[in-house]
Amino acid sequence: MPKPRVFATHSLFEAARQILQETCEVEYWAKPERPPREEVLPRVKDKEGLICLLTEKINEELLSVAPKLRIAANVAVGFDNIDVAACTKRGVVATNTPGVLDETTADFAWTLLMAVARRLSEGEELARSGKWKNWDLDQLVGTDVWGKTLGIVGFGRIGRAVARRANGFQMKVIYTDAQRAPAEVERALKAEFWEMNALLAESDFISVHVPLLPETRRLFDAPKFKRMKPTAFLINTSRGPVVDEAALVAALEGEQIAGAGLDVYENEPFIHPGLKRANVVLAPHIASASLETRTKMACIAAENVVALFRGQRPPNILNPEVLKAS
Ligand code: DGY
């Protein structure tokens, strides 16, 4: 029996390639840059599997040229790049990589939080520039993190991992979410459930951990920034379109908030020029980018593909109704 043919839009890591090799015949995109759409579409035409990054739109345009496709495996937990309903309609399984990146992403939300509070980017620039003349009492004074109030918007796995770290900084942790966490989780993380507007007004740091959904698109808009303290910071490691970037720039310019730490943007890789300011720490969507975690993410995507082609249920299936129907 010929092996099912798979296109991977990335060369992946060796560990993931090992998982795939026995079951599938994989064509890897080997160039360092992301493949342009006109390179992807002809490659998926005759493939039964696709392993893709979050930069690839899995939509009707792609699905319609890939009649044999049975699985689109995203190497990411967020799957706003996948039109899951369109996949389901065409009987294509969609999968993601939940769980393995929670701690690494939480670490990075904290990296941004600490960096913007303590003005690390400015300090590093001064240290590297050769312009640092002497220690001074009020040089690059930032704001304390310990003992402050952390507001977490979206209290899923990553939000909770961020909360766990806050306990070490003796912070008050408040959160909001469409669903209140079980009492034992709140107790263990010393986290209180607050309604959104109250959380905005109370928090010194707000860290966003919601998926991008129609109801979370531009969740952070001008009225929300108005409710925040002028001394507060916004940290976003979720998805860029959750924040109205123009409104954020206006809030920063109007000193309605003190600063921001951002890993994600509305139109990546474009970054609104108004965000390139001293009180904003910018990162290029790398919150999950540790070698350990990215390797695990690639392996999970590979395992999802292999499971399907071995007649098993892919562990991270997003549309299980596809399997029920077949
Ligand atoms: C994801 O997995 O959704 C991230 O944005 C990349 O780790």
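Whatever order the structure lists them in is the order used to number ligands and atoms, beginning at 1.
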Inset, instruction - Decide if the gap between the ring center of Phe7 and the ring center of Trp29 is smaller than 6.0 angstrom. - result: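 No, the ring of Phe7 stays outside the 6.0 Å limit from the ring of Trp29, centre to centre.
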Legend entry - Exceeds 12 heavy-atom contacts within 6.0 angstrom, atom CD of Glu60: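 Count over threshold, so yes.
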Inset, instruction - Flag yes if more than 12 heavy atoms outside Glu255 fall under 6.0 Å of its CD atom; otherwise flag no. - result: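 At most 12 heavy atoms, drawn from other residues, nucleotides or ligands, come within 6.0 Å of this atom.
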Legend entry - Nitrogen or oxygen atoms of Thr97 and ligand 1 under 3.5 Å apart: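 Among all N and O atoms of Thr97, none is under 3.5 Å from an N or O of ligand 1.
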Can you sort out which atoms of ligand 1 are near [X], meaning under 4.0 Å from one of its heavy atoms?
X	result
His285	4 (C), 5 (O), 6 (C)
Met297	2 (O), 7 (O)
Leu54	4 (C), 5 (O), 6 (C)
Gly78	1 (C), 2 (O), 3 (O)

Legend entry - Carboxylate-amine/guanidinium contact Arg164 Glu103, below 4.0 Å: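 Salt bridge present between Arg164 and Glu103.
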Legend entry - Basic-acidic side-chain contact under 4.0 Å: Lys324, Glu321: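 No salt bridge links Lys324 with Glu321.
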Inset, instruction - Could you find the nearest protein heavy atom to atom 2 (O) of ligand 1 and give me its residue, atom name and distance? - result: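 For atom 2 (O) of ligand 1, the nearest protein heavy atom is Val77 N, 2.7 Å.
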Legend entry - atom 6 (C) of ligand 1: nearest protein contact (heavy atom, Å):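 The closest one turns out to be Ser288 OG, 3.5 Å.
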Inset, instruction - Between Leu101 and ligand 1, find which residue part has any heavy-atom pair under 4.0 Å and reply side chain, backbone, both or neither. - result: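 Looking at Leu101 and ligand 1, just side chain atoms fall under 4.0 Å.
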Legend entry - ligand 1 versus Val264: contacting region, heavy-atom distance under 4.0 Å: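 Contact part for Val264 vs ligand 1: neither.
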Inset, instruction - Spell out, yes or no, whether Val145 and Ile257 are grouped together once hydrophobic residues are joined by side-chain heavy atoms under 4.5 Å, including indirect joins. - result: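 As far as the 4.5 Å side-chain criterion goes, Ile257 and Val145 are not connected within one cluster.
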Legend entry - Spacing of CZ belonging to Arg157 relative to CG belonging to Leu101, to within rounding of 0.5 Å: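 The CZ atom of Arg157 sits 7.5 Å away from the CG atom of Leu101.
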